[in-house]
*Asks:* 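Supplied in structure tokens, the structure appears directly below.
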2 protein chains.
Amino acid sequence: MKLPQYRKLQHLLKKQILTGIYQEGDLLPSENDLRLHHQITRTTVRQALDQLVKEGYIRKKKGKGSIVRSQRETLGLLSFHGFSEVVKATEHTGYTKWLKPSYWNDWGNTFFYPLSEKEKKAGCICIERLRSVDTDPVILEYTFIPNVLSPGLLQLPLVDQSLFKTLQYEYNIEVISVVQDVRALPANPVVAIHLELREQDPVLHIYRKYKTNRPDFFLYSSLYCNTAKYAIGSVFT
Amino acid sequence: MKLPQYRKLQHLLKKQILTGIYQEGDLLPSENDLRLHHQITRTTVRQALDQLVKEGYIRKKKGKGSIVRSQRETLGLLSFHGFSEVVKATEHTGYTKWLKPSYWNDWGNTFFYPLSEKEKKAGCICIERLRSVDTDPVILEYTFIPNVLSPGLLQLPLVDQSLFKTLQYEYNIEVISVVQDVRALPANPVVAIHLELREQDPVLHIYRKYKTNRPDFFLYSSLYCNTAKYAIGSVFT
DNA sequence: GAGTGGTCTAGACCACCTG
DNA sequence: AGGTGGTCTAGACCACTCG
């Protein structure tokens, strides 16, 4: 575990942002301050800050400084949920309902993405959630997590109700990229009931594979979206 | 027009990749070579290469070199079409049909994204294309280009049949990010006919706004996708 | 005018890959 | 062993922001 200097600074600053020591809109210490405090050169400081920019934690402004961005914005890029963005943009309120307690399962015969032997053997923890904007159900989400974490997610309470935050705080696991396949489908009965649609109404369906900073650990999701009222937004940079 | 050194090198290398001087899998000259040839320091060379990595033109390997990636992969990140990816992955052949010659139009009363006064006054050039995989129509695409380019896109032949390539070669305009809204809709009669679906069948619909390296120049698209056979893939990093 | 980030120089040592 | 990219040092000048 020999991290380069710039990674250490990067992780330190990220932690300080995530724990609220620096909040949205705050300025980080200047590159010069950081250089003096950590006894490294400005090049190295800049390397650390470049990473944080790439990850969306800060943006930089010439003559001003490094400005902390909101975590919503950060997630927005990755999540593609539209959920948080929609909620944020419209000042509606978002709500997530656990359809049932998370449970262990094997992967079934035909999982939507290929699995490694290790993943297959461990089975997975399944989470079924319904996400709403105000009182409108918008996303029905099935999440599949390989059961390879100790002590296991089943026993843990979630930080802030958020799976990603829990993984980050408890296991240092961070999502670094997402691959997804998107389709338009007619709603099946289960989907129709939860999303308050008629059967056969068009729904947006997304298969997702999340890559993390652990090379052998992935997350999987299957999402059904009612886009009648709210579209799903995303940004590519 | 005072470009920093690293931008110049970045653009030179990009041009050489796009024109095939360096092809997929080739190694770029080493950082040391580039430094000597261009009389700049390695730091500056690395800055240029970092940009190309970010844009997906190359990937770097320690002990090996900077390897040129395929342009398909590159576009894949931005395009979100799934079109080229699907075609590439399955070794089917892609085909684009101009439904009619491009034509001038005002924007209509309710364009899907807000427009600047300058854009409104100029009107737009419209392109209607149908993209197919083998013989299956997959994407019906309407593209709207503000009519602010001289001599105007209407008179120009397209490079490689590609709008993006034409903009890059003729005007030095490059797309740098995309904002989009995605929905599932029932097919209307026009869409149904072109995509060979029944009316009311679910189609994926995407509104897109492309941001370019010209701060005041955007492109707009509206896409209808038949996802019955081919899903739309995308990657977030 | 003082402080900030943006660009750049001229070196250095390391880990990794390949012959 | 020699070449590659990865990390890092210790400086410099510039353009921009703000009081």
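Naming convention: chains lettered A, B, ... in sequence-line order (proteins, then strands); numbering from 1 in each chain. These numbers were taken from a predicted model, which means no experiment stands behind them.
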*Asks:* Below the 4.0 Å mark, does C/dT7 have OP1 or OP2 next to a side-chain nitrogen or oxygen of B/Q47?
*Replies:* yes

*Asks:* Do the charged groups of A/R46 and A/E31 touch, with an N to O distance under 4.0 Å?
*Replies:* yes

*Asks:* B/R46 CZ to C/dT9 C1': how many Å, rounded?
*Replies:* 16 Å

*Asks:* In whole angstroms, how far is the P atom of D/dT9 from the CG atom of A/L36?
*Replies:* 13 Å

*Asks:* What's the CG-C1' distance between B/L3 and C/dC8, to the nearest Å?
*Replies:* 15 Å

*Asks:* Rounded to the Å, how far apart are B/L52 CG and D/dG5 C1'?
*Replies:* 15 Å

*Asks:* What parts of residues 27-34 of chain A reach DNA chain C, counting only heavy atoms under 4.0 Å away?
*Replies:* A/S30, A/E31

*Asks:* Distance-only, no hydrogens or angles: does the A/W107 side chain make a donor-acceptor pair with backbone N or O of A/A122 under 3.5 Å?
*Replies:* no

*Asks:* Is the NZ or CZ atom of A/K209 both under 6.0 Å from the centre of the six-membered ring of A/Y220 and within 45° of that ring's axis?
*Replies:* no

*Asks:* For a quick check of understanding: with a heavy-atom distance under 4.0 Å over all strands, which category does B/I40 fall into, base, sugar-phosphate or nothing?
*Replies:* sugar-phosphate

*Asks:* Please tell me if B/T44 has a side-chain N or O lying less than 4.0 Å from either OP1 or OP2 of C/dT7.
*Replies:* no

*Asks:* How would nucleotides 11-19 of chain C be written as a contact map, 5' to 3', with B for base contact, S for sugar-phosphate-only contact and - for no contact, using protein heavy atoms under 4.0 Å?
*Replies:* -B--BBSS-

*Asks:* Just wondering, more than 12 heavy atoms not from A/K60 lying within 6.0 Å of its NZ?
*Replies:* yes

*Asks:* In whole angstrom, give the distance that lies between atom NZ of A/K60 and atom C1' of C/dT4.
*Replies:* 10 Å

*Asks:* Taking the side chain as everything from C-beta on, heavy atoms only, tell me whether A/L9 gets closer than 4.5 Å to A/T44.
*Replies:* no

*Asks:* For A/K8 and D/dC8, what is the distance between atoms NZ and C1' respectively, to the nearest whole Å?
*Replies:* 13 Å

*Asks:* Nearest 0.5 Å please: distance from the CD1 atom of A/I67 over to the CZ atom of A/R59.
*Replies:* 4.5 Å

*Asks:* Does the side chain of A/S222 reach to within under 4.5 Å of the side chain of A/F111, using non-hydrogen atoms?
*Replies:* no

*Asks:* Reading DNA chain D from 5' onward, which residue's closest nucleotide shows up sooner: B/S66 or A/Q5?
*Replies:* B/S66

*Asks:* For B/Y6 and C/dT7, is the shortest distance between a side-chain N/O and OP1 or OP2 below 4.0 Å?
*Replies:* yes

